[in-house]
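Read through the structure below, which is laid out as structure tokens, and then see the notes.
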Amino acid sequence: GENVEQHPSTLSVQEGDSAVIKCTYSDSASNYFPWYKQELGKRPQLIIDIRSNVGEKKDQRIAVTLNKTAKHFSLHITETQPEDSAVYFCAASETGNQFYFGTGTSLTVIP
Amino acid sequence: DSGVTQTPKHLITATGQRVTLRCSPRSGDLSVYWYQQSLDQGLQFLIQYYNGEERAKGNILERFSAQQFPDLHSELNLSSLELGDSALYFCASSTSGAPYEQYFGPGTRLTVT
């Protein structure tokens with residue numbers, strides 16, 4: 001089955017700096033890659049996603065890039081703010097029937 | 001609010017007992033997924049139902065079972081509970097086929113004592 005690895009497990013940045021979280025996947029058939037943000041004690045929330053026919057997608061301060069050849073995708077957050085502090089999860093899916101999640105990255109934005 | 005509801009919010013029970021967690025998907029969503037999240041852990045996929053039928057199975061224990069009813073709500077049954085089953089259980093729903101976006105419910109926190 002699919003195996004998704006996520007790095008780093010923890011990340012601290014100064015407010016205003018950029019944060020980058022990387023994920024690799026093993027199954028070349030995976031074609032949908034969402035990112036979720038989870039605040040403490042709350043539900044994971046979809047923040048951005050990308051499909052395999054696209055190399056990059058942006059939504060305001062958040063962007064995701066996908067390298068199908070290398071089988072990795074990354075989340076980029078620019079101009080970080082304290083409210084960006086949370087755990088971020090990447091995931092991969094082929095058909096939408098099963099999602100394989102990374103182990104999460106705990107992001108702390110220091111004011 | 002994602003539109004996915006889960007009940008109960010919290011559940012405290014003893015080892016050996018059986019509990020049922022309930023999930024109602026967003027209006028129009030045919031797929032329901034169940035996940036387990038233990039303390040400081042990631043999301044472990046348990047099982048997926050699509051329009052009443054099991055579609056995919058993950059690392060779900062034999063003591064656990066699920067079903068999706070004709071009105072599309074789903075229940076996750078956990079039996080012979082052990083201390084290690086204490087976790088946050090999330091349900092998520094999505095539409096059929098692409099684009100696959102999942103929307104999570106608020107979760108049920110299960111504590112086994």
Side-chain angles (χ1 to χ4, degrees), chain A residues 1-10 21 23-25 27 29-54 57 59 62 64 66 73 86-108, chain B residues 1-7 9-10 23 25-26 29-51 53-60 66 68 87-111:
Chain A
E2 174 66 277
N3 181 45
V4 177
E5 295 188 355
Q6 183 172 347
H7 299 282
S9 57
T10 60
I21 303 170
C23 287
T24 60
Y25 61 99
D27 189 349
S30 290
N31 56 16
Y32 175 64
F33 307 93
W35 285 90
Y36 293 87
K37 174 184 180 182
Q38 186 178 26
E39 296 174 359
L40 192 61
K42 303 226 173 140
R43 76 187 80 195
Q45 289 189 292
L46 178 69
I47 56 171
I48 196 166
D49 57 13
I50 193 167
R51 286 166 179 79
S52 59
N53 59 345
V54 176
K57 183 176 178 180
D59 183 3
I62 294 174
V64 56
L66 171 65
F73 56 111
V87 178
Y88 291 81
F89 292 97
C90 63
S93 179
E94 178 192 349
T95 61
N97 288 341
Q98 186 160 350
F99 285 74
Y100 298 87
F101 280 79
T103 49
T105 296
S106 178
L107 173 65
T108 301
Chain B
D1 186 0
S2 65
V4 180
T5 61
Q6 287 186 251
T7 56
K9 270 189 171 180
H10 302 278
C23 167
R26 293 187 317 159
D29 284 358
L30 300 179
S31 277
V32 169
Y33 309 77
W34 285 98
Y35 292 91
Q36 179 191 57
Q37 187 174 42
S38 302
L39 191 64
D40 294 333
Q41 296 290 313
L43 289 155
Q44 298 295 320
F45 170 74
L46 296 177
I47 198 164
Q48 181 216 1
Y49 278 83
Y50 174 79
N51 202 21
E53 294 187 2
E54 182 184 305
R55 184 61 72 90
K57 213 168 191 175
N59 298 322
I60 188 167
Q68 186 179 27
L88 201 51
Y89 290 84
F90 286 105
C91 143
S93 74
S94 73
T95 56
S96 59
Y100 307 146
E101 288 113 342
Q102 287 187 97
Y103 294 88
F104 282 79
T108 292
R109 183 169 294 282
L110 173 66
T111 302

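Below, each value reflects all heavy atoms present in this structure, side chains not excepted, and no hydrogens, waters or symmetry copies. A, B, ... follow the sequence lines: proteins, then strands. Residue 1 opens every chain.
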Do you know which of A:Pro44, A:Gly41, A:Pro34 has the most heavy-atom pairs with chain B at a distance under 4.5 angstrom?
-> A:Pro44
Show the numbers, then the answer: is there a side chain to side chain contact (heavy atoms under 4.5 Å, CB included) between A:Lys57 and A:Asp49?
-> CA-CA 8 Å; A:Lys57 183 176 178 180; A:Asp49 57 13; 2.8 Å; yes
What is the ring orientation for A:Phe33 with A:Tyr25, classed by angle as parallel under 30°, tilted 30 to 60°, or perpendicular over 60°?
-> tilted
In terms of heavy-atom pairs under 4.5 Å with chain A, the winner among B:Ala92, B:Ser2, B:Gly107 is B:Ser2
Using non-hydrogen atoms and a 4.5 Å limit, figure out which bit of B:Gln102 sits close to chain A: side chain, backbone, both or neither.
-> both
Charged N-O contact under 4.0 Å between B:Glu53 and B:Arg55 = no
Closest heavy-atom contact between B:Ser94 and B:Glu101?
-> CB-O, 3.0 Å
Anything under 30° is parallel, anything over 60° is perpendicular, the rest tilted; go ahead and classify A:Tyr36 against A:Phe101.
-> tilted
With a 4.5 angstrom heavy-atom cut-off, could you sort out which part of A:Phe99 is near chain B: side chain, backbone, both or neither?
-> both
Region of A:Gln45 in contact with chain B, defined by heavy-atom distances below 4.5 Å = neither
